[in-house]
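Since the structure comes first, as structure tokens, the remarks are kept for the end.
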Amino acid sequence: MKTTTRVLELLSSTSTYLSGQQIADQLQLSRTAVWKAIKALQDKGYAIKSKAHVGYCYVDDNTLNETLIKQNLNNSLDLDILLYDSLPSTNLKAKELSLDPTLKRPVVLIADQQTAGYGRYQRSFLSPKKTGIYLSILLDNDQVDFDPGLLTTATAIAVTRTLEKLFPITPSIKWVNDVLVDGKKICGILTEGIADLETQTLSQIVIGTGINFATPMTLFRPNYTNGSAH
């Protein structure tokens, strides 16, 4: 594990300041290594505050953080999570990665921004920085009679149930792949298949989900912190 990852993981696990010496002692690193790791993380955009004679503290500012993401997932899930500052489209990247046999499935891709996001019928999907969760999941498929529509429906249900747990809202599903709150679209879902020409089947599936959580007029706030959902 990289030094920067170890330092970020430690800082993410506490809401209090840790001195450089405390970090060095807990991770068995030199103070110089700790300082370099923190500087590298700050340069990447992680909100790590420093206070003279006190130490360092990580502030969750919606910057993509694999450590925090995994802390909120079931420990039994064995997922490869790939984070990107910017992508043309997470679905397009997932289809590109489908050609890599070394990657275990499922693969989860999350981007802070999409420059060419799209929905059904190639409709443009606006995906600015720090305003949404732009996520795609790449899955293997071994079902001969696979129905992608059912997977889209299941994903929409999963999104609505999650939102209901986190927010005091009642989402609804429209046309299978849209999730609405108070009549406004806050989530779009796009399921795409990757065909195996030899077997004439869908060998892999990509589930793309875009959730708005911070817009010029925020629709809702989570019960535990400031903002999450598209």
Side-chain angles (χ1 to χ4, degrees), residues 1-2 4-5 8-9 41 44-46 62-156 158-159 162 176-177 187-213 228-230:
M1 184 183 296
K2 293 182 179 179
T4 51
T5 303
L8 181 60
E9 186 174 283
L41 289 168
K44 287 182 178 180
Y46 288 98
N62 290 328
T63 299
L64 291 177
N65 183 331
E66 183 177 354
T67 299
L68 289 180
I69 292 171
K70 288 189 173 180
Q71 283 177 356
N72 289 280
L73 295 177
N74 189 309
N75 290 331
S76 65
L77 293 175
D78 184 19
L79 299 173
D80 271 348
I81 299 178
L82 306 178
L83 305 181
Y84 303 87
D85 290 333
S86 180
L87 284 175
S89 159
T90 56
N91 266 31
L92 285 177
K93 186 64 177 180
K95 287 189 281 188
E96 177 186 317
L97 293 177
S98 70
L99 301 174
D100 185 351
T102 65
L103 281 176
K104 64 181 179 181
R105 308 290 191 266
V107 181
V108 180
L109 303 87
I110 309 174
D112 188 41
Q113 176 190 36
Q114 292 184 125
T115 57
Y118 62 93
R120 295 179 69 193
Y121 310 116
Q122 296 296 311
R123 294 192 182 106
S124 178
F125 187 87
L126 186 63
S127 317
K129 278 182 171 291
K130 294 188 183 297
T131 63
I133 299 171
Y134 314 121
L135 178 152
S136 292
I137 303 175
L138 174 64
L139 301 165
D140 280 334
N141 176 52
D142 57 5
Q143 299 181 36
V144 177
D145 299 321
F146 176 76
D147 186 342
L150 292 179
L151 184 55
T152 302
T153 303
T155 303
V159 169
T162 300
V176 181
N177 68 316
C187 173
I189 299 164
L190 178 65
T191 302
E192 298 186 280
I194 299 169
D196 185 322
L197 296 181
E198 291 185 3
T199 62
Q200 297 295 303
T201 61
L202 293 178
S203 59
Q204 297 179 81
I205 307 296
V206 176
I207 311 165
T209 305
I211 305 176
N212 292 328
F213 70 85
S228 283
H230 191 37

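Because the structure is predicted, anything quoted here is derived from the model rather than measured.
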Original post:
How far does CG of Asn177 sit from OG1 of Thr191, to the nearest 0.5 angstrom?
Top reply: 8.0 Å
Subject >> Residues Tyr84, Asp112; criterion side-chain contact (heavy atoms from CB on, under 4.5 Å); working and verdict >> reply: CA-CA 6 Å; Tyr84 303 87; Asp112 188 41; over 6 Å; no
Original post:
Atom CG of Leu135 and atom CG of Leu64: how far apart are they, to the nearest 0.5 Å?
Top reply: 10.0 Å
Subject >> Min side-chain heavy-atom separation Val206-Ile194 under 4.5 Å >> reply: yes
Original post:
Rounded to the nearest 0.5 Å, what separation is found between the CG atom of Leu139 and the CD atom of Gln204?
Top reply: 9.0 Å
Subject >> Side-chain heavy-atom pair Leu103, Asp100 within 4.5 angstrom cut-off >> reply: yes
Original post:
Checking side-chain contact (heavy atoms from CB on, under 4.5 Å) for the pair Asp80/Val108: CA distance, chi angles, key distance, verdict?
Top reply: CA-CA 6 Å; Asp80 271 348; Val108 180; over 6 Å; no
Original post:
Is it true that a side-chain atom of Gln114 and a backbone atom of Thr90 form a donor plus acceptor pair closer than 3.5 Å?
Top reply: yes
Original post:
Hey, what do you get for CG (Leu79) to CG (Leu77), rounding to the nearest 0.5 Å?
Top reply: 5.0 Å
**OP:** Find out whether Thr209 and Cys187 are in side-chain contact, i.e. whether some heavy atom of one side chain is under 4.5 Å from a heavy atom of the other.
**Re:** yes
Original post:
Can you list the steps and then say if Tyr134 with Leu109 is a side-chain contact (heavy atoms from CB on, under 4.5 Å)?
Top reply: CA-CA 8 Å; Tyr134 314 121; Leu109 303 87; over 6 Å; no
**OP:** Inspect the surroundings of NZ in Lys130 and state if more than 12 heavy atoms from other residues, nucleotides or ligands are less than 6.0 Å away.
**Re:** yes
**OP:** Establish, from distance only, whether the side-chain atoms of Asn91 and Ser89 form a donor-acceptor pair under 3.5 Å.
**Re:** no
Original post:
How long is the span from the CD1 atom in Ile207 to the CG atom in Leu190, to the nearest 0.5 Å?
Top reply: 10.5 Å
Subject >> Lys104 atom NZ, over 12 foreign heavy atoms within 6.0 Å >> reply: yes
Original post:
Taking it one step at a time, do Ile81 and Leu73 satisfy side-chain contact (heavy atoms from CB on, under 4.5 Å)?
Top reply: CA-CA 12 Å; Ile81 299 178; Leu73 295 177; 4.0 Å; yes
Subject >> Flag side-chain contact, heavy atom, 4.5 Å: Pro106 against Leu138 >> reply: no
Original post:
Taking all non-hydrogen atoms of both residues, which atom of Ser127 and which atom of Gly117 are closest, and how far apart?
Top reply: OG-CA, 4.4 Å
Original post:
Looking at side-chain heavy atoms only, is the closest gap between Val107 and Leu82 below 4.5 Å?
Top reply: yes
Subject >> Gap between atom OG1 of Thr115 and atom CG of Leu87 - 0.5 Å precision >> reply: 7.5 Å
Original post:
For atom CG of Asp140, is the number of surrounding heavy atoms from other residues, nucleotides or ligands below 6.0 Å larger than 12?
Top reply: yes
